[in-house]
Protein chains: 2
Amino acid sequence: MNSSTARVTSEQACPIAPVLDIVFSRWTTPILWTLNEYGVQRFVQLHRNVGTITAKVLTQRLRQLERDGLVVRTYHPEIPPRVEYEISELGRSLAPLFAHLADWSADNLPRVERARQEFDGAGGPTVGH
Amino acid sequence: MNSSTARVTSEQACPIAPVLDIVFSRWTTPILWTLNEYGVQRFVQLHRNVGTITAKVLTQRLRQLERDGLVVRTYHPEIPPRVEYEISELGRSLAPLFAHLADWSADNLPRVERARQEFDGAGGPTVGH
DNA sequence: CAGTATCCTTCAGGATACTG
DNA sequence: CAGTATCCTGAAGGATACTG
């Protein structure tokens with residue numbers, strides 16, 4: 001195995017790979033975003049606010065976020081039960097990053113749109129082949 | 001449909017949702033990262049450097065990136081053919097964002113790790129239930 | 001209310017073989 | 001070399017029904 005044939009793992013190829021699973025799994029950004037915007041919410045409220053997600057998947061993602069320390073779950077043993085979800089301090093530390101992303105989006109999404117139209121108009125990769 | 005029952009789309013719930021498909025689709029960050037680090041590369045080189053990705057999927061992702069204007073593909077009609085991939089200016093504009101992400105990772109990945117161990121050690125969500 | 005438990009479908013992505 | 005063409009599998013996620 002020499003350096004010209006060695007295959008590399010995606011983690012080696014990309015130092016930010018590990019974070020992606022944590023922060024950018026499906027539904028995690030809508031969940032974190034609404035928790036950050038609207039504060040503490042019960043399960044049903046979150047369900048309504050996060051969009052067209054099923055209860056099963058919402059639960060799965062919330063468990064993952066709780067496990068990773070980005071969200072705090074509080075169970076109140078009442079009847080009927082009350083469960084509240086809140087973004088943690090660690091979760092809140094993502095806010096500047098999300099803002100950065102929103103800025104990039106505002107600045108460059110139009111360029112992406114134009115690139116797509118050119119590409120589609122020209123009819124595929126690299127005209128002439 | 002009143003405000004207490006209205007269901008919302010994930011795009012409404014999360015302004016950054018549209019960018020995620022563009023920038024954080026699977027394999028896009030390793031591809032962009034290596035193109036940014038090592039400069040212009042031919043298909044096979046990229047294939048070696050990006051990690052354990054198949055040629056088919058690499059082609060798919062490269063097409064998407066080209067279409068979105070993040071990558072430039074140059075076809076040289078020789079025999080054998082030579083194709084070179086390069087990150088575009090638009091693609092390069094993501095560098096600060098990726099750096100931000102790398103910083104967050106360096107600062108907070110350990111916290112995530114600890115949170116996971118606590119969660120797993122405690123045996124699931126919210127002890128007591 | 002806040003979830004589970006099942007069943008089911010889809011489809012991204014891998015393996016393999018082939019081509020201009 | 002730089003891909004495409006096929007086939008195939010597993011795992012994510014939706015629909016639905018049920019429970020403490």
Side-chain angles (χ1 to χ4, degrees), chain A residues 4-5 7 9-10 13 17 20-22 24-31 34-35 40-67 71-86 123-129, chain B residues 4-5 7 9-10 17 20-22 24-31 34-35 40-67 71-86 124-129:
Chain A
S4 67
T5 59
R7 187 61 52 83
T9 72
S10 73
L20 303 185
D21 291 333
I22 298 170
F24 297 109
S25 300
R26 219 181 156 212
W27 293 114
T28 57
T29 56
I31 293 171
T34 54
L35 280 177
V40 180
Q41 281 160 85
R42 312 177 56 162
F43 186 83
V44 268
Q45 293 182 296
L46 211 45
H47 192 193
R48 263 188 279 103
N49 293 327
V50 156
T52 54
I53 187 177
T54 60
K56 191 188 81 173
V57 175
L58 178 56
T59 307
Q60 290 173 347
R61 295 277 80 95
L62 283 171
R63 288 287 181 279
Q64 179 188 334
L65 290 169
E66 187 194 359
R67 186 172 109 99
V71 157
V72 178
R73 175 179 183 271
T74 314
Y75 178 80
H76 302 271
E78 307 165 1
I79 296 180
R82 183 162 56 94
V83 177
E84 292 183 322
Y85 290 94
E86 188 179 3
T126 319
V127 184
H129 206 78
Chain B
S4 68
T5 58
R7 187 60 52 81
T9 71
S10 73
L20 302 186
D21 292 334
I22 299 171
F24 297 109
S25 300
R26 214 177 161 215
W27 291 115
T28 57
T29 55
I31 293 171
T34 55
L35 281 177
V40 180
Q41 283 160 85
R42 312 178 57 164
F43 186 83
V44 269
Q45 295 182 295
L46 210 44
H47 193 193
R48 261 189 280 102
N49 292 327
V50 157
T52 54
I53 188 178
T54 60
K56 192 189 79 173
V57 175
L58 179 56
T59 306
Q60 290 173 345
R61 295 278 81 96
L62 283 171
R63 287 287 180 281
Q64 179 189 333
L65 290 168
E66 187 194 1
R67 187 172 108 98
V71 157
V72 178
R73 174 180 183 270
T74 313
Y75 178 81
H76 302 271
E78 309 166 358
I79 296 180
R82 183 162 55 95
V83 177
E84 292 182 321
Y85 291 93
E86 187 179 5
T126 318
V127 184
H129 207 80

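Chain letters run A, B, ... following the sequence lines, proteins first and then strands; every chain starts at 1. No experiment lies behind these values; they were computed from the predicted model shown.
- Put simply, CZ on R73(B) is 8 Å from C1' on dA2(D), counting in whole angstrom units.
- Distances were taken from every side-chain heavy atom of P81(B) (C-beta onward) to each of dT4(D), dT4(C), dC1(D); the shortest belongs to dC1(D).
- Annotation: the span from N49(B) atom CG to H47(B) atom NE2 amounts to 10.5 Å, rounded to 0.5 Å.
- E84(B) pairs by the side chain to side chain donor-acceptor pair (under 3.5 Å) definition with H76(B), R82(B), not counting sequence neighbours.
- Atoms CZ (F43(A)) and P (dT4(C)) sit 8 Å apart, rounded to a whole Å.
- Summarising the geometry, the separation between OH on Y85(A) and P on dA2(C) is reported as 8 Å, rounded to the nearest angstrom.
- In terms of phosphate contacts, R42(B) brings no side-chain nitrogen or oxygen within less than 4.0 Å of OP1 or OP2 of dG3(D).
- Annotation: side chain to side chain contact (heavy atoms under 4.5 Å, CB included) contacts of T29(A) (sequence neighbours excluded): F24(A), F98(A), C14(B), I16(B), L20(B).
- Consecutive Watson-Crick or G-U pairing (both distances under 3.5 Å) extending over three or more pairs maps onto DNA chain C as C:1-20 with D:1-20.
- With sequence neighbours left out, Y85(A) forms a ring-ring contact (aromatic ring centres under 6.0 Å, His included) with no residue at all.
- Side-chain contact between T74(A) and V40(A) is absent, with no heavy atoms from C-beta onward closer than 4.5 Å.
- Straight-line distance from the CD atom of Q45(B) to the C1' atom of dG3(D): 16 Å, rounded to whole Å.
- Atom pair L62(A):CG and dG3(C):P shows a separation of 8 Å (rounding to whole Å applied).
- Counting only heavy atoms from C-beta on, R63(B) has its side chain closest to dT4(D) among dA2(D), dT4(D), dA2(C).
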Q | Sequence-aligned protein contact record of nucleotides 9-15 of chain C, with B where the base is within under 4.0 Å of a protein heavy atom and S where only the sugar-phosphate is | A | ----BBB
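- Within the 4.5 Å cutoff, the side chain of I31(A) has heavy atoms near those of the L58(A) side chain.
- Nucleotide dG3(D) holds its P atom 14 Å from the CD atom of Q41(B), rounded to whole Å.
- With sequence neighbours left out, Q64(A) forms a side chain to side chain donor-acceptor pair (under 3.5 Å) with S25(A), R61(A).
- The separation between L58(A) atom CG and dG14(D) atom C1' is 14 Å, rounded to whole Å.
- The distance from the CD1 atom of I53(B) to the OG1 atom of T59(B) is 8.5 Å, given to the nearest 0.5 Å.
- Taking atom OH of residue Y75(A) and atom P of nucleotide dC1(C), one finds them 14 Å apart after rounding to whole Å.
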Q | Step-by-step side chain to side chain contact (heavy atoms under 4.5 Å, CB included) determination, E66(B) to R63(B) | A | CA-CA 5 Å; E66(B) 187 194 1; R63(B) 287 287 180 281; 4.2 Å; yes
